[in-house]
There are 2 protein chains.
Amino acid sequence: MSRASDRAYAAIRAHLLSGQVKAGEQLTEDQLAQITGVSRTPVREAVRRLEDELLLVRSDTKRLFVADWSRDDIEEMFTLRQMLECHAAERAARRMTRGQVAEMEAVNRELKAAIEQPAPDVARFLDANRAFHDAIIEAAASPRLGQMLARLVEAPVVLRTARTYSTEDLRQSARDHDELIAAFAARDPDWARAVMGSHLRRAFHTFARTVGPATDAEDA
Amino acid sequence: MSRASDRAYAAIRAHLLSGQVKAGEQLTEDQLAQITGVSRTPVREAVRRLEDELLLVRSDTKRLFVADWSRDDIEEMFTLRQMLECHAAERAARRMTRGQVAEMEAVNRELKAAIEQPAPDVARFLDANRAFHDAIIEAAASPRLGQMLARLVEAPVVLRTARTYSTEDLRQSARDHDELIAAFAARDPDWARAVMGSHLRRAFHTFARTVGPATDAEDA
DNA sequence: CGGGAGCGTTTTGTATACAATAACCAGCGC
DNA sequence: GCGCTGGTTATTGTATACAAAACGCTCCCG
């Protein structure tokens with residue numbers, strides 16, 4: 001995180017989730033350079049990453065805007081994530097070492113610790129949650145898969161920040177993780193895939209509940 | 001294709017597939033700037049795209065190398081592509097209009113025309129093949145899915161250039177396309193998914209046959 | 001003879017100036 | 001009043017110079 005483009009990336013990302021900018025609003029590279037305190041060159045690099053993650057979009061004439069995620073966009077993102085991450089869980093179950101399983105148990109203990117407090121520490125939960133899913137991707141040993149998931153997950157992480165989680169939602173996640181770990185320990189790819197599927201699909205519905213109802217002409 | 005960074009992208013890509021550079025070889029941005037005839041700024045932009053497509057990779061210290069695709073890398077790529085493109089076919093089957101189906105029939109006629117000659121025109125076949133698959137992605141109406149597939153498909157297109165195809169392989173592809181069109185016309189998502197699955201899996205084996213046998217215990 | 005510190009060279013990263021292109025606005029003809 | 005056209009400003013794209021970092025080499029010391 002020391003290079004200017006990384007700092008710019010983090011700063012712009014923070015700026016987007018700070019709520020100071022609305023979806024669909026135009027931004028300019030100069031603006032962002034001022035905000036981040038670096039020149040346009042690293043800003044352009046950062047912007048490219050954010051475009052990749054679909055947090056920013058460009059018009060047909062290359063003007064820059066804050067992306068506007070519709071409910072359908074979010075559903076599609078969750079669907080893709082589910083498809084890819086189920087596959088990752090399956091591969092991980094075939095490859096995971098005892099050491100890696102122990103690692104994941106430790107991460108999930110941390111995750112539970114973040115929940116079981118007077119007031120659950122959501123930021124800490126999200127960090128641990130992310131570490132958990134990253135460990136699975138790591139164990140899946142598929143660089144392209146990891147790359148794709150990383151891009152998919154970035155945007156929701158931002159969108160999610162404003163959300164509120166019930167303690168029960170968080171506990172259910174922790175239980176899912178326990179079962180995933182069991183599936184990994186048993187080296188059972190089908191089990192891992194199935195648990196991951198329900199874990200993510202539930203996450204989508206939890207998420208969607210706060211975003212709003214489905215559009216009526218929905219498919220899939 | 002008029003901006004310098006686009007020209008740089010195309011030029012570097014052409015350079016990579018020209019065979020003048022070996023997998024694993026180091027490249028420098030200056031070199032590429034000379035080759036492409038533009039300055040390093042657009043070259044860096046082009047290089048980022050090529051890194052995305054995993055045709056170029058950077059070392060831990062940011063030095064630039066030609067990617068070295070192992071047999072396992074290729075298999076993983078095909079697996080991911082199958083997963084995503086089956087999903088695309090399913091969605092496309094739900095959404096495709098009569099007009100789009102007619103469009104695809106036209107593309108497949110062009111594809112067959114490229115085959116049925118004294119010597120099949122492989123470049124023309126590949127263009128039509130690409131147009132066919134692009135039309136499916138278009139009909140699937142999922143920007144993220146399209147984006148991911150575009151990235152996945154880029155690399156193989158390059159790797160594939162050196163390959164030789166038997167006329168029978170090409171004809172089988174055309175038949176698969178016919179069946180896909182039938183599935184779309186029938187608006188049958190399951191059928192479309194199944195045909196796409198076998199189409200791509202066969203493509204992988206056809207490809208793998210020329211690359212070499214599977215490694216029994218591969219690591220990095 | 002081997003290992004490591006120092007230093008010149010190579011390569012990547014950043015800032016800035018300038019060029020090209022797109023949006024905006026005003027004035028004109030109809 | 002409406003739409004077009006020309007020029008003006010805003011914004012992105014490119015080139016270049018310089019800064020920072022990494023590599024490789026040599027030379028010194030053990």
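For the numbers below, each heavy atom of this structure counts, side chains included, while hydrogens, waters and symmetry mates do not. Residue numbers start from 1 in every chain, and the chains themselves are labelled A, B, ... in the order their sequence lines are given, proteins ahead of strands.
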Selected nucleotide, minimal atom distance to [X] side chain, candidates [options]:
| X | options | result |
| --- | --- | --- |
| A/L64 | D/dT12, D/dT14, C/dT12 | D/dT12 |
| B/E29 | D/dT14, C/dT12, C/dT14 | C/dT12 |
| A/T41 | C/dT11, C/dA15, C/dA22 | C/dA15 |
| B/K62 | C/dA15, C/dT12, D/dT11 | C/dT12 |
| B/T28 | C/dT11, C/dT14, C/dA22 | C/dT11 |

[X] side chain to [Y] main-chain N or O, any donor-acceptor pair under 3.5 Å?
| X | Y | result |
| --- | --- | --- |
| A/Q100 | A/T97 | yes |
| A/R187 | A/M96 | yes |
| A/W69 | A/L54 | yes |
| A/D134 | A/A131 | no |

Round to a whole Å and report the spacing from [atom1] of [X] to [atom2] of [N].
| X | N | atom1 | atom2 | answer |
| --- | --- | --- | --- | --- |
| A/R40 | D/dT11 | CZ | P | 11 Å |
| B/L32 | D/dA15 | CG | P | 14 Å |
| B/Y9 | D/dG13 | OH | P | 17 Å |
| B/R7 | D/dT14 | CZ | C1' | 10 Å |
| A/R3 | D/dA19 | CZ | C1' | 15 Å |
| A/Q26 | D/dT12 | CD | C1' | 11 Å |
| A/Q34 | C/dA15 | CD | P | 14 Å |
| A/E45 | D/dG13 | CD | C1' | 15 Å |

Is any side-chain nitrogen or oxygen of B/R44 closer than 4.0 Å to OP1 or OP2 of C/dG13?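 So the side-chain polar atoms of B/R44 do come within 4.0 Å of the phosphate oxygens OP1 or OP2 of C/dG13, strictly under.
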When you check the phosphate oxygens OP1 and OP2 of D/dC23, does a side-chain N or O of B/T61 lie under 4.0 Å from one of them?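 Checking D/dC23 against B/T61, a side-chain N or O does come within under 4.0 Å of OP1 or OP2.
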Base, sugar-phosphate, or nothing: which does A/L27 touch, judged by heavy atoms less than 4.0 Å apart?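 Touches sugar-phosphate only.
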Could you check A/D60 against B/D30 and say which one's nearest nucleotide on DNA chain C is further toward the 5' end?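 Between the two, 5'-proximity favours B/D30.
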Which label fits A/H199 and A/H177: parallel for a plane angle under 30°, tilted from 30 to 60°, or perpendicular past 60°?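 A/H199 and A/H177: perpendicular rings.
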